[in-house]
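Every number for a ligand or one of its atoms is a count from 1 in the order of the listing. No experiment lies behind these values; they were computed from the predicted model shown.
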Amino acid sequence: MQLTDDERAICDGARGPAAAKALRILVTLGDIFGAERLVPVTSAQISGVSYQTIGEAGLEFLEGFADEGARVVIPAFLNPCGMDRRRWREMGVPAAFAERQLRIIAAYERMGVALTATCTPYLTGIVPAPGEHVAWAESSAVCYANSVLGARTNRESGISALAAAICGRTPAWGLHLDENRSASLVVEVAASLDDLADFGALGVHVGQLARGRVLAFTGLPSASPDQLKALGAAMAASGSVALYFVEGITPEWQLAAAPDRLTVTEADLEAVRRALQTDGPAAPELIAVGCPHCSLAELQAVAAQVQKGLRGRRRWVCTSRAVADSPAAAEAIAAIEAAGGQVLCDTCMVVAPLAEMGIRRTATNSGKAAIYLPSLGRQAVTFGSLEDILSGV
Ligand code: F3S
């Protein structure tokens, strides 16, 4: 790779051993992926925050890196962790888990990372412009940044996003380059989509077929930002999709020569809904919405539905602290909590230690969560619309 004089100096230790290590990580990754240079990035979103996912080895690495003097030089912010930092006791999170989780957060804080703890930074005022290069890690945030915002990011790992935050750069390969941002698969949607769960089911189905390709949707006359958020999250989870276009809606639309084509029907979506349903007919122990983290509009939709049925069940509504703290959200949050729900920040149903908390059966309206909960959370899953899961249908 071609490095600038500044980059060479960092590599040689001009900014200390941690920055040198970070730059060497980026150069190694760039060599692996055939990058010719590093590209400056304006922000980094860092995954690998939950003790549930990174464990003791991750905690030790982060504390050691902070001790070595690792410090970020661009706005950098965290993905969700394994618990609400203020309400973890109320959630039922074991104290030993909480102690380690708080140490992970403290290590990131020492490095200068903002403790946003959300997968929807774009709902909290962090909105890169079209064409802006960033280094984001959480797969749904990456998909949204590329597709809905028109920004440019590869799907960074936790460690490569942290290295990018420390160096202010990332290797210029993949979706940072024009030539890799053309769709090789065109998907005609011949099914009606009403609820977020429908967009999640569509995303699960198409992601499984696309397998990391850039794709373009036709036949979607409208899609709200929340619906695009659900669609991208599910495609990222089921098929590592990091960029998609929707005709007439997303800012970019480039097709490769002679793209493959497929049509998605109602029957396809029904088959996906059945496949995601791994629990039996009994009521779930946890009803969890907010994957990706809820927007204000989603909180309001939950507030309008939450009065229905299934009182006595745990009901989690996951969102960012920034959205929860906004005055506009106060009324919806009060309604949800008055009906027995918990509006949780900093965390989600996938990265919280559900099994350790005695929860084995979870209902969700998220295609992404429905994919990950059986493996990562050891959960039997009920998948359905917001209305259905809240009312126990
Ligand atoms: Fe976000 Fe957790 Fe879902 S990090 S995208 S709410 S799995």
Exercise for review: Report the C-alpha distance between E132 and T42 in whole Å, list the side-chain angles of each, state the deciding distance to 0.1 Å, and finish with yes or no for side chain to side chain donor-acceptor pair (under 3.5 Å).
Suggested key: CA-CA 8 Å; E132 192 169 322; T42 54; 2.6 Å; yes
Exercise for review: Indicate yes or no for a side-chain donor-acceptor contact from R211 to the backbone of S238 under 3.5 Å, with no hydrogens or angles considered.
Suggested key: yes
Review point. Do F217 and F245 have ring centroids that are under 6.0 Å from one another?
Key: no
Review point. Would L299 end up clustered with L390 when hydrophobic side chains under 4.5 Å apart are linked, directly or stepwise?
Key: yes
Point to revise | Nearest heavy atoms of A223 and L228, plus distance in Å | key: CB-CD2, 3.7 Å
Review point. Which N, O or S atoms belonging to the protein are less than 2.8 Å from atom 1 (Fe) of ligand 1?
Key: C119 SG
Practice item. Could you label the plane-to-plane angle of the H176 and H133 rings as parallel, tilted or perpendicular, counting under 30° as parallel and over 60° as perpendicular? Key: parallel
